[in-house]
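No hydrogens, no waters, no symmetry mates; every other heavy atom, side chains included, goes into these values.
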Amino acid sequence: MQSPLGNVGLGLRREMLEDFLLSPPAYSQFFEVAPENWLKMGGKFGQQFKALTQQHQFICHGLSLSLGSPNALDVAFVKELKQFFDEHNILLYSEHLSYCSGSGHMYDLMPIPFTEEAVSHVADRIRRVQDILERKIAVENVSYYAAPGQEMSELEFTLAVLEEAQCDLLLDVNNIYVNSINHHYDALAFMQAMPTDRIAYGHVAGHFVEAEDLLIDTHGAPVCDPVWDLLAKTYQHHGVFPTLLERDFNIPDIAELSAELSHIHALQAAQLNSKGVA
């Protein structure tokens, strides 16, 4: 799909603000934030954030829309998001293909049961959100550690939601790799089955190796070689698309972040050069 974004992005965290205002990291052409962290932000941080959104491309990756929740959709919250997106010229909005609320807020991303009933439920909620926002959203293939009530595979479930909701995809390459180890499937086959024309952008991140057969998606470490390799193969199969580096804690200095951003850029350049694209 045609994207309004640059090719390389970085997840912006509050502790990065002052440094980024002075000198944004090399190769980062767009930034991503969780809107929940900025909706009510005022004072110094609010002013700094506004200055950045006036100067750079921004997208939002939500944490609490809770697409799989049995509770009623929080329409008031979605309307707040719309106002925030308009105020800050947010180019894209994505959410996790998961849920985080039921009888209360769980402050974690829980796996949606891989069932036909859940496909219909989630797709209906996505369509309602898109109607309110008056824009398509992207949903992210998430990492998960259990699959309660599973009647279909993660791949079948993800493809069914994308088709029924007519939404876009945030393709998280690290999550594919993590899940392939934890749930013993072929990461390459999963990646290749994703619909190219639905990919709005991608994520890469680091994870924690708990055991040989258990990886934890932490966003707290450098991207590992197998994930870089999978990203390169993803570009070979789907073509180059905007790709964002996530780092949520153990945040290194800008030089180290820039090195990882440079790696994304290099993989993209290699693919474009192989296709004869300037």
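A search for side-chain hydrogen bond (donor to acceptor under 3.5 Å, both in side chains) contacts involving Tyr145 returns nothing, not counting sequence neighbours.
Taking the six-membered ring for Trp and the full ring otherwise, the centers of Tyr93 and His61 sit at least 6.0 Å from each other. Aromatic ring centroids of Phe190 and Tyr177 lie 6.0 Å or more apart. In this structure, the ring of Phe85 has its center no less than 6.0 angstrom from the ring center of Phe58. With ring centers used as reference points, His56 lies 6.0 Å or more from Phe20.
At distances below 3.5 Å, not a single donor-acceptor pair connects side-chain atoms of Trp38 with backbone N or O atoms of Val33.
Salt bridge annotation for Asp86-Lys82: present, with a cationic side-chain nitrogen under 4.0 angstrom from a carboxylate oxygen. Between Asp124 and Arg127 there is a salt bridge, with a side-chain nitrogen of the basic residue lying less than 4.0 Å from a carboxylate oxygen of the acidic one.
No more than 12 heavy atoms of other residues, nucleotides or ligands lie within 6.0 Å of CD in Glu116, so this atom counts as exposed by the packing criterion.
At least one side-chain heavy atom of Val78 sits less than 4.5 Å from a side-chain heavy atom of Leu65. Counting heavy atoms from C-beta outward, Lys40 and Glu80 have side chains that approach closer than 4.5 Å.
Residues His207 and Asn174 bring a donor and an acceptor atom of their side chains to less than 3.5 Å of each other.
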Working note: Val75 + Ile132, criterion side-chain contact (heavy atoms from CB on, under 4.5 Å); need CA distance, chi angles, decisive distance, verdict. CA-CA 8 Å; Val75 172; Ile132 297 168; 3.9 Å; yes
Set out, in order, the CA-CA distance, both residues' side-chain angles and the distance that settles side-chain contact (heavy atoms from CB on, under 4.5 Å) for Ser28 and Val8, then state yes or no. CA-CA 5 Å; Ser28 184; Val8 182; 5.6 Å; no
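Checking each of Asp229, Val227, Asn141 against Val173 for a side chain to side chain contact (heavy atoms under 4.5 Å, CB included) leaves exactly one that passes, namely Val227.
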